[in-house]
Amino acid sequence: MSEQPQFGITVDQNKSLPEGASEVHAIVSVEAAGAPAAAAPAGAAEVIIIDTSGSMSYPDSKLRAAIAAAQTAVDTLRDGVLFAVVSGSNTASMVFPQTPRLVPADAGSRHAAKAALKALKAAGGTAIGSWLRLADELFDPYQDGIRHAILLTDGKNQHETPEQLDAALARCSGRFVCDCRGVGTDWEVAELRKVSSALLGSVDIVADPRDLVADFQAMTEAAMGKAVADVALRVWTPQNARLRFVKQVMPSVADLTARRAEAGPQAGDYPLGAWGAESRDYHICVEVPAQPVGQELRAAWVKLVVPGGPGQEAQVLATGNVLARWTDDEAAATKINPRVAHYTGQAELADVIQQGLQARKEGDLATATARLGRAVQLADEAGNDAITAALRKVVDVEDAATGTVRLKRNVDKADEMSLDTTSTKTVRTRKKEG
Amino acid sequence: MTEDQSVKPAELACPACGEPVYPGEGFCEACGRRLGDGVAAPAPEPVRACAGCAAPAIDADGYCERCGLRQPAERDHYEIELPGPNGRLLAAGGSDRGKRYSRNEDALALAAHPTGVAAVVCDGVGSSPTPHEASAKAAATGADELTGRLGKGEDFEAATRAALIKAADAVAALAPDPDSAPSCTYVSAVTGPRSVTVGWVGDSRVYWLPTRPAGDGPRAGAEVDTAELAIGDTGASEDTADSAALGPARRLTDDDSWAAIMVERAALTEAEAEAHPNAHVITGWLGADAGEVAPHVRTFTVDGPGAVLVCSDGLWNYLPQAEALVQALADASLDPAGDPLGAVRTLVRRALDAGGRDNITVAVIPVAHPHTEQPR
């Protein structure tokens, strides 16, 4: 691996607690600065998974767009990056190379891969778990480097059981990162979100197949821009404390709480996947034993680590302290940190959008109106313009400040799905504290 | 009364070269550095076990690796002892963060001068930025200036006034801009063989606590020659306007505070004023926003053994009356003039037990006590 970027952790919180209080909130920002943009990490591997179920040829433009997008992705691979292309239907099969292995990208292999893509035909069903298992086999010998997959599908996972998909996700989790894209409107946002969040990737809708090319290029470039594979947030908490949650809140909302892997006494690792020249924010909530007024506690000690193998020490890239200090100064103790408030609102925003869309689907229009109205209000408060725009395609806004809305009668299915996939995307606090 | 004398007989050393120096020396005999900086608090032992859970695991940042508790800072609790040539303490002082504040914003400096002791206590003004820096600066500057001037034989009152002004200038210089002015109170006490001179701005106080006779009789001052009331060999003070002989226990300072003004105007009784929410609003302080500082200076003559008590409001909030202080020490069978360190510890403990709502700082200087007579 080439030169590592400089990592930094900053913690934003109100550490003052009133007497007897025990809940500590903090926003932990992890930033990599000076990541070598051009310098390629030596060990990068990419697997492109294209859905070739029969539905991909209705209309045929879907498959043609997917092939063009995959070809662009292949072109974006740097020389030396190990890659393969997989096609998925009832089972997964190799498109390029023909045997299940990864090959280094160069002019020859890129040309051969693009030719093989061109010959793809659509037939059969959808069994995403089996596709992921083949990708996992391909990545298996290369667990030290950056491992990224792109999964493109247009349908529901109909040809294997949910249990089969869950088992595949459990197997693949932590072994590679996977960004998922749904094309058309016949796929399930919740299903694909389950895949992408288990594999620490993103999910999005590509409503128009013509947009696929640019999207694939962006995803491959982002994957190539990663400088460190497999970082984790290691969180130490005091004895008798309880870590209530660890959530990624920027660039999107993702609850990591259940992904804890124990990492020594009073500490657990939360996997973050690969990291490039980027910053992400995490909301941490810890419950600590209340202390007498005047005492100060380290409520959490947060470290960005590259976990070592068995028996190896983890490499610590950056650290930060979440503190708690008990005070009888009521004004100080009741102040809510603006960034904590901002991201708490954005997490709620994702929830109310998903609940509102679900209620709408079930015909519970009162709940749908209330939830989506609240969403309009939260998005407005947060200055989340992307979500505000997506919401306005689903509801008519009477008053954003109070969240007064009416459901639109006719909503384009793609707009509804787009709102769903956008719901977890957050914006940073409007900078006023300088 | 003086059982505690075996505790930590700190040896004084020149801050520049480390050679031993003795109280009263103006300059180091080895390197010639001017002495008289306030004696620094002894560095605490390296912390090994957590103050909260006793785990032997304190990390480099000062947090316990088991329970997370931040370990007490050096300034959270410290004692200063000023040993005399005969092994007895010339003075003792103590400061404690208290229970409500996360930081000790009081500061204390004690130093010997040729005929006695100089003590400075400062209390950072909580509403100002970095008040702990203001108080530390003021106490160190004041004590340094006092010992420098007294070492040259300057008059007590002139030295007191000059030291206070110098401390005020030093605190004012801390302000990065006029809207952000670290500030603190200031009180000093300079003792001579038969006198005490106090100077102050703000509401930190000085009390006189006479030694009580063992029996019920008059003051046990047999060994004190009351004829020798003149003010030491620094030369008699020209300004003796305030000078008054000290008798029973009493307060020697008047607060620069809203409460004091109310009492003076007879608008409120002392008890009413101290219970009022404005009680702690001070009308004088050191800081860039203080305007021209007007030091109050008074000198008193001492005709019998006793102790001068210098303290911040963290103590006197709980024991405002001189008699209450005397009683608190009597309850512990302590004569502050005979056991100044014991008295300091007793009073700090009393304030903590009473709630410790503020930082607590106490200095005790025995005067005209046979144990503390210094060779001339």
Side-chain angles (χ1 to χ4, degrees), chain A residues 9 11 13-24 26 234-244 263-268 284-303 316 318-333 335, chain B residues 47 49-78 95-106 124-129 131-132 180 277 280 312 314 317 348-349 351-361:
Chain A
I9 286 182
V11 176
Q13 64 165 146
N14 175 17
K15 66 180 174 183
S16 298
L17 294 181
E19 197 165 2
S22 59
E23 199 172 281
V24 186
R234 178 164 295 178
V235 185
W236 173 97
T237 46
Q239 206 170 37
N240 304 322
R242 190 167 75 89
L243 195 48
R244 286 201 44 220
Q266 301 169 230
I284 290 180
C285 176
V286 197
E287 227 172 79
V288 293
Q291 303 292 315
V293 165
Q295 297 282 52
E296 182 174 311
L297 213 60
R298 170 189 268 155
W301 194 7
V302 186
K303 300 176 183 177
V316 178
T319 67
N321 278 324
V322 176
L323 302 176
R325 191 172 65 197
W326 283 264
T327 174
D328 58 357
D329 178 349
E330 236 177 89
K335 214 181 286 169
Chain B
V47 184
C50 172
C53 74
I58 307 303
D59 74 5
D61 298 344
Y63 294 96
C64 173
E65 289 182 0
R66 188 162 76 189
C67 74
L69 188 75
R70 188 196 184 101
Q71 301 303 302
E74 279 186 32
R75 219 171 140 176
D76 283 0
H77 180 89
Y78 60 90
S95 188
D96 194 282
R97 192 189 64 176
K99 292 182 173 173
R100 294 298 174 111
Y101 287 96
S102 62
R103 182 169 66 185
N104 188 354
E105 296 171 354
D106 281 1
V125 174
S127 56
S128 77
H132 59 299
S180 175
H280 287 263
S312 65
N317 280 337
V348 169
R349 174 47 54 194
L352 285 171
D353 290 346
R357 291 192 61 91
D358 203 346
N359 307 143
I360 305 148
T361 301

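Naming convention: chains lettered A, B, ... in sequence-line order (proteins, then strands); numbering from 1 in each chain. The shown structure was predicted, so the numbers you read here are calculated from the model rather than taken from an experiment.
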Shortest non-hydrogen contact from B:G68 toward A:P238: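 In this case the closest contact between B:G68 and A:P238 is N-CB, 4.2 Å.
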For residues B:Y63 and A:L297, report the shortest heavy-atom separation together with the two atoms involved. CE2-C, 4.4 Å
What residue, out of A:R298, A:Q291, A:E19, has the most heavy-atom pairs lying under 4.5 Å from chain B?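 Of A:R298, A:Q291, A:E19, A:R298 has the most heavy-atom pairs under 4.5 Å with chain B.
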Residue from A:Q295, A:Q266, A:E296 scoring the most non-hydrogen pairs under 4.5 Å with chain B is A:E296
Does atom CD of A:E330 have more than 12 heavy-atom neighbours, drawn from other residues, nucleotides or ligands, at distances under 6.0 Å? no
Measuring heavy-atom distances to chain A, does [X] have an atom under 4.5 Å in its side chain, in its backbone, in both, or in neither?
X      : value
B:D59  : side chain
B:R103 : neither
B:C64  : backbone

State whether the side chain of A:W236 and the backbone N or O of B:E65 hold a donor-acceptor pair below 3.5 Å, judged by distance alone. yes
When rounded to the nearest 0.5 angstrom, what distance separates CH2 in A:W301 from CG in B:D61?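 Separation between the atoms: 6.0 Å.
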Give, as side chain, backbone, both or neither, the part of A:N240 having an atom under 4.5 angstrom from any heavy atom of chain B.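 Answer is neither: A:N240 stays 4.5 Å or more from chain B.
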